[in-house]
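Any value given below was found using the heavy atoms of this structure, including those in side chains, with hydrogens, waters and symmetry copies removed. Chain naming here is simple, since letters A, B, ... match the order of the sequence lines and numbering starts at 1 in each.
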There are 2 protein chains.
Amino acid sequence: MISKACQYGIRATIFIVSRHHDGVKLNISEIAREVDAPEAFMAKILQVLSKHRIITSLKGPYGGFFIEDFQLEQPVIKIVNAIDGMSVFEECGLGLKQCSASHPCPMHDQYKIARDALQNAFLHTSLRKLAQEVNEGDSFIKNLALKKSESC
Amino acid sequence: MISKACQYGIRATIFIVSRHHDGVKLNISEIAREVDAPEAFMAKILQVLSKHRIITSLKGPYGGFFIEDFQLEQPVIKIVNAIDGMSVFEECGLGLKQCSASHPCPMHDQYKIARDALQNAFLHTSLRKLAQEVNEGDSFIKNLALKKSESC
DNA sequence: TTAATAAAGGATAAAAATGTCCTTTATTAA
DNA sequence: TTAATAAAGGACATTTTTATCCTTTATTAA
Ligand code: FES
Ligand code: FES
């Protein structure tokens, strides 16, 4: 569906946005820790997002990752596009090389509905909105930490 | 989304169902050719479908793969479950270890809608129905063969 | 200018998914 | 019973995805 790299990227970006105030910058290890991602892998992903100007980075002491005002209203789909590309939203569910209404696979109609719903979910949700939800405590980007006694 | 193995499996099964008459049996190479899948890989996939009793196989001369009457009304989701498992329909879209309404990720509500739509698509579609569509020429399990002059 | 800090980037490793090859087993017809 | 046929199954190879390590570059404060 959505690659792990992309999921880390989305969670990381939401975290960065949720800390968007008074020039705060976050470094890789903080971000990786917050979203339960391996640090070096997280670094690669943030690199891509930075190169796509979805987030902004600054090297050196007092540097790190942050988000600028003009980046706040971007839809999450930008992250998906930067990391995974748009193919999830375009490809045939049964693996035909082309998805088209003129040469459809037998699941085309039903599949397209779900695929479009997914695309709309990512298209019509802004980074700002997601971060706001997290800041208000309504949702989370970090796994629930279970005590040893609790099972999954 | 759906693994390649699973897509081959679904297309292959639809093909087998579409040829469900008078004890016709299909062998691996016919099936692989029809669904544009590598033969040896197709063999592995048919093996698991057979073991899950989604299709039936018979060894030896005049053997091959076919479908029995009692197998016709199975929903496609059985194939997905046999090959990929049910995790696509259960996991968090942003990669949290648990998807739950009590500790939701910030995309939970929107994502769940799309994910459930996908599950319903596979759950409420029977093999028989898909094969019928193909037999009536309304849809296809094989890629459109392009002439050399035509581009993608 | 220098030392320290943090991201960028290159190279490599590990794991998972996809794909291939070859031997074994079951079934059939002759 | 034997030879032929076709799936089952084991082992291995390739590709893609995920993850790690180390060096280089940019920036800052002292
Ligand atoms: S052709 Fe298969 S989903 Fe459109
Ligand atoms: S918690 Fe993320 S989709 Fe349910």
Less than 4.5 Å apart, any side-chain heavy atom of His108(B) and any of Cys99(B)?
yes
Is there a side-chain contact between Ile31(B) and Phe15(B), using heavy atoms and a 4.5 Å cut-off?
yes
Could you list where the contact with chain B starts and ends along DNA chain C, reading 5' to 3', using a 4.0 Å heavy-atom cut-off?
dT18(C) to dA29(C)
List the residues meeting ring pair (Phe, Tyr, Trp, His ring centres under 6.0 Å) with Phe41(B), not counting sequence neighbours, and say none if there are none.
Tyr8(B)
In terms of the nearest nucleotide of DNA chain D, which residue is placed more toward the 5' end: Lys59(B) or Gly60(A)?
Lys59(B)
In DNA chain C, consecutive runs of at least three Watson-Crick or G-U pairs below 3.5 Å, as range with range, amount to C:1-30 with D:1-30
Value rounded to 0.5 Å, distance of CG in Leu72(B) from CD in Gln132(B)
11.5 Å
As an exercise, state the distance from CE of Met42(B) to CD of Gln47(B), rounded to the nearest 0.5 Å.
11.0 Å
Above 12 or not: heavy atoms from other molecules or residues under 6.0 Å from NZ of Lys25(A)?
yes
May I ask you to list the residues of residues 42-58 of chain B, by number, that have any heavy atom positioned under 4.0 Å from an atom of DNA chain C?
Lys44(B)
Residue pair Glu39(B)/Pro61(B) against DNA chain C: nearer the 5' end by closest nucleotide is Glu39(B)
To the closest 0.5 Å, what do you measure between CD1 (Ile79(A)) and CD (Gln7(A))?
12.0 Å
Take the protein atom CE of Met1(B) and the nucleotide atom C1' of dT16(D), then report the distance between them rounded to whole Å.
19 Å
Let me confirm one number: the CG-CD1 distance from Leu46(A) to Ile16(A), rounded to the nearest 0.5 Å.
5.5 Å
Is it true that atom NZ of Lys112(B) has more than 12 heavy atoms of other residues, nucleotides or ligands lying nearer than 6.0 Å?
no
For DNA chain D, the residues among residues 7-18 of chain B that have a non-hydrogen atom under 4.0 Å from it
none
Under a 4.0 Å heavy-atom cut-off, which of residues 23-33 of chain A touch DNA chain D?
none
Could you verify whether a donor N or O on one side chain and an acceptor N or O on the other, from His20(B) and Asp69(B), lie under 3.5 Å apart?
yes
Taking atom types as modelled, is there a side-chain donor on Ser139(B) or Glu133(B) under 3.5 Å from an acceptor on the other?
yes
Between Asn81(A) and His52(A), does any side-chain donor sit less than 3.5 Å from a side-chain acceptor?
no
Of Asp84(B) and Tyr62(B), the one whose closest nucleotide on DNA chain C sits nearer the 5' end is Asp84(B)
Please test Gln110(A) against Thr125(B) for side-chain hydrogen bond (donor to acceptor under 3.5 Å, both in side chains), starting from the C-alpha separation and ending with a verdict.
CA-CA 9 Å; Gln110(A) 305 100 297; Thr125(B) 309; 3.0 Å; yes
Contact between Thr56(B) and Phe65(B) at the side-chain level, heavy atoms closer than 4.5 Å - yes or no?
no
What distance do Ile10(B) atom CD1 and Ile83(B) atom CD1 have between them, rounded to the nearest 0.5 Å?
7.0 Å
